[in-house]
Chemist: 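Have a look at this one before I ask anything.
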Amino acid sequence: KEERIVVLETENAFLHLKLAEYQGLAGRSTNEILQLYAAHDQQMKFQRSSVLTQLHGAIEKRLKQDLKSLHSFALELSKDFQRQSKTCLYQVVAAVQGIQLQNEAMQMFQIKAFDLEQSLQEVTERYKKEKQKRKALHNSLIELRGNIRVHCRIRPLLPFDDAAGHSQDRQINFSEKVAYAADDETVLVKSSRPGHASVNKTFQFERVYNDLESQDAVFADVSPLLTSLLDGYNVCIMAYGQTGSGKTHTMLGPQLEGNLALAIEEDSELGIIPRATQEVFRLISEKPPGSYWVEVSVVEVYNNEIFDLLAKDSCGKVFGIKRDVVTTREGKSDVPLLTHETVENASEFLHLVNKSLQLRVTHPTLVHAHSSRSHLVVTLTITTVFGDNFGTLWEDEQTSQRLNKEASFTFPQKMRDNKSTSSSRASSPVQLEATEKMKQVKTRLQLVDLAGSECVGMSGVTGAALRETSFINRSLSALADVLGAIAEQRAHVPYRNSKLTHLLQDSIGGDAKLLVMLCISPGQKYLTESMQSLGFGTRARQVQRGQVKKRNFPVLSKGK
Ligand code: ADP
Ligand code: MG
């Protein structure tokens with residue numbers, strides 16, 4: 001055991017020795033590892049710093065490059081900016097100069113405009129004066145031509161002139177022409193019939209139309225009267241002549257069973273009534289808006305009674321209702337309750353006239369199938385408003401004074417009355433209510449298609465038709481008497497002897513303008529009637545000449 005212990009102890013000591021040896025070895029290698037670590041660290045540090053410097057160099061180089069290009073770019077930019085600002089400056093300078101020039105031009109224009117305004121004022125003044133002169137001249141021209149004047153229209157021979165009529169005298173060539181227009185102021189009647197005194201006579205009128213002259217030509221001489229109408233004068237245009245002589249043709253145009261339809265389509269064939277209305281509206285359109293308006297009434301005088309052809313029954317259907325004509329306190333003729341329709345244009349007017357025409361009483365006589373046995377009176381009442389708002393429409397003293405006397409300061413009942421057909425449609429009366437100072441004047445255009453002037457013997461009528469004829473003759477005689485009284489400048493003019501003259505009172509005589517359109521059939525058959533009509537025209541015309549000889553006026557009612 002002891003031995004064993006000694007061996008083991010030596011072995012142990014040996015092992016201890018070996019352990020110490022190995023521990024020393026381990027210490028050494030740890031040191032070496034640490035050293036290696038440190039060297040590695042150093043190596044790594046070294047490596048890193050060299051990449052950084054490389055990178056730094058590259059970046060620096062790049063930065064330098066960038067900076068350089070930036071610098072050159074900035075330089076370029078600033079150069080560019082300088083260039084641009086220079087051009088802008090030039091532009092601004094140019095613009096300022098332009099504005100200065102424009103300012104100068106503007107000032108010149110302002111001066112020019114001022115000058116123009118002044119000359120416009122002067123021209124307006126002069127225009128006003130010229131307008132007054134125009135009116136005065138126009139009126140003196142019309143007065144020179146005569147406030148009453150007579151035109152004569154000879155119609156062409158027509159197929160129905162061939163019919164022998166009631167006469168038994170077979171030797172007469174009925175269609176032979178006996179009345180001619182010798183020139184545009186002379187009618188020649190030339191006839192030699194076996195067994196009759198031969199006729200060779202001339203008649204002078206202000207104007208004579210031959211059978212070829214158009215409706216246009218006839219109206220051309222009528223239209224100056226319409227200027228007078230708007231200047232404030234009453235105007236009357238009437239067609240006188242026997243049945244079939246062309247009165248309705250001249251006044252209205254070709255007829256189609258009491259209808260103007262044909263005429264409306266055939267514009268060139270329109271008669272005086274539609275054309276005058278068109279002209280009135282044309283003239284009004286040249287005036288300040290709202291200062292004029294037009295009302296229409298249509299009446300028929302039949303057997304000395306007045307029928308309102310625009311009166312409507314409760315269903316709105318038109319029917320002729322009897323009216324009466326009275327003289328107002330101012331001495332004017334008036335038909336109380338007469339229907340007046342406001343019209344705003346010529347076609348509205350034609351529509352109204354057409355409706356009323358269908359009511360006209362006609363009676364077939366031997367002379368002509370559509371002979372009208374009544375007088376047709378179409379009246380256009382033109383109301384003119386003048387006051388502060390509209391300016392004085394009549395600048396000339398005389399007219400203004402004349403019309404001021406007539407001007408009514410209050411509005412007629414009709415205009416205040418809302419039931420009235422006219423006030424509901426016309427714009428003007430409504431505007432009028434606003435100002436109290438307004439004055440209004442009414443002028444009248446009366447267009448008359450008289451009943452046939454033939455004698456009873458010629459038409460061969462009896463009974464009721466004879467009564468008609470006698471009324472017609474009486475009214476036409478009354479018309480002749482009125483013209484005669486005016487010619488002789490008698491204090492009393494017998495307007496009230498018949499409804500016809502009473503109705504037309506305001507547009508015949510005084511400073512009213514009357515145009516009588518004598519219508520003549522040229523045929524031999526109508527010689528007596530034509531002579532009678534020409535006699536009537538001659539006497540009416542002498543009214544103006546002031547040289548009426550008290551000779552026998554051709555008898556109107558020969559057959560009575
Ligand atoms: P009035 O009204 O005088 O009785 P109308 O006007 O009815 O006469 O005319 C009778 C006929 O003569 C109608 O057929 C009409 O067309 C025709 N006539 C009248 N005047 C002319 C004219 N100037 N040109 C052509 N035809 C006319
Ligand atoms: Mg007729």
Side-chain angles (χ1 to χ4, degrees), residues 151-163 165 174-175 177 179-181 184 187 207-222 237-263 265-266 268-275 298 300-302 309 353-354 356-378 447-455 458-459 461 465 468-469 472 475-476 516-523 525-526 529-530 532-534 536-537:
H151 293 192
C152 178
R153 188 182 200 188
I154 301 171
R155 73 154 165 80
L157 273 175
L158 294 165
F160 64 78
D161 288 331
D162 267 336
F174 283 110
S175 60
K177 245 176 132 172
Y180 315 86
D184 63 1
V187 179
R207 178 78 162 83
V208 174
Y209 307 94
N210 65 36
D211 55 357
L212 297 176
E213 284 188 76
S214 63
Q215 302 279 63
D216 268 332
V218 174
F219 185 70
D221 299 316
V222 170
I237 301 164
M238 57 166 70
Y240 183 100
Q242 72 175 120
T243 300
S245 60
K247 297 183 299 297
T248 308
H249 181 86
T250 300
M251 292 307 287
L252 288 164
Q255 293 284 288
L256 195 72
E257 282 156 23
N259 206 317
L260 264 176
L262 186 78
E265 281 163 29
E266 220 357 286
S268 67
E269 281 302 300
L270 288 176
I272 290 173
I273 294 180
R275 280 170 198 256
V298 183
E300 175 184 55
V301 183
Y302 179 66
L309 297 190
V353 172
N354 249 338
S356 59
L357 279 183
Q358 282 152 10
L359 289 174
R360 244 190 129 178
V361 179
T362 55
H363 188 280
T365 65
L366 291 176
V367 178
H368 186 241
H370 288 282
S371 88
S372 286
R373 311 304 294 148
S374 61
H375 312 293
L376 176 75
V377 184
V378 177
L447 302 154
V448 190
D449 183 6
L450 290 171
S453 62
E454 59 275 6
C455 306
M458 176 75 173
S459 312
V461 290
E468 269 178 10
T469 310
I472 292 167
S475 58
L476 292 178
V516 179
M517 188 65 74
L518 285 185
C519 294
I520 301 290
S521 309
K525 181 160 85 167
Y526 308 109
E529 304 303 335
S530 299
Q532 186 272 326
S533 294
L534 291 165
F536 174 90

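Keep in mind that this is a model prediction, so the values were computed, not measured. Ligands are counted one by one from 1 in listed order, and the atoms in each one are counted from 1 as well.
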Chemist: Below 4.0 Å from ligand 1: does a non-hydrogen atom of Pro254 turn up there or not?
Modeler: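 Not so, Pro254 does not reach ligand 1.
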Chemist: Are any of the side-chain heavy atoms of Leu476 and Tyr240 separated by less than 4.5 Å?
Modeler: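 They are in side-chain contact.
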Chemist: Hey, which atoms in ligand 1 end up nearer than 4.0 Å to a heavy atom of Thr248?
Modeler: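 Close to Thr248: 1 (P), 2 (O), 6 (O).
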Chemist: Show the atoms of ligand 1 that are less than 4.0 angstrom away from any heavy atom in Arg155.
Modeler: 19 (C), 20 (N), 21 (C)
Chemist: Mark up the atoms of ligand 1 that fall under 4.0 Å of a heavy atom belonging to Thr243, in ascending order.
Modeler: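 Checking each atom against Thr243, I get 4 (O).
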Chemist: Calculate, to the nearest 0.5 Å, the distance between atoms OG and CD belonging to Ser530 and Gln242 respectively.
Modeler: 5.5 Å
Chemist: Which of the numbered atoms in ligand 1 are under 4.0 angstrom from any heavy atom belonging to Leu158?
Modeler: 11 (C), 12 (O), 17 (C), 18 (N)
Chemist: Tell me whether the Mg ion (ligand 2) has Thr243 as a neighbour, meaning an N, O or S atom of it below 2.8 Å.
Modeler: no
Chemist: Report, in ascending order of atom number, the atoms of ligand 1 lying under 4.0 Å from any heavy atom of Lys247.
Modeler: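 What qualifies from ligand 1 is 1 (P), 2 (O), 3 (O), 4 (O), 6 (O), 8 (O).
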Chemist: With a 4.0 Å cut-off on heavy atoms, is Arg153 in contact with ligand 1?
Modeler: yes
Chemist: Find all atoms of ligand 1 within a distance of less than 4.0 Å from any non-hydrogen atom belonging to Gln242, and give their numbers and elements.
Modeler: 3 (O)
Chemist: Tell me which one of Glu454, Met251, His249 gets a heavy atom nearest to atom 26 (N) of ligand 1.
Modeler: His249
Chemist: Ignoring hydrogens and angles, tell me if any N or O in the side chain of Ser374 forms a donor-acceptor pair with the backbone of Val301 under 3.5 Å.
Modeler: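 Absent.
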Chemist: Measure the CG-CZ distance between Asp211 and Arg155 for me, rounded to the nearest 0.5 Å.
Modeler: 10.0 Å
Chemist: For the 3.5 Å polar cut-off, considering only N or O atoms, please tell me whether Thr250 and ligand 1 meet it.
Modeler: no
Chemist: For atom 23 (N) of ligand 1, state which one of Ser453, Pro156, Gly246 supplies the nearest heavy atom.
Modeler: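 Selected option, by shortest heavy-atom distance: Pro156.
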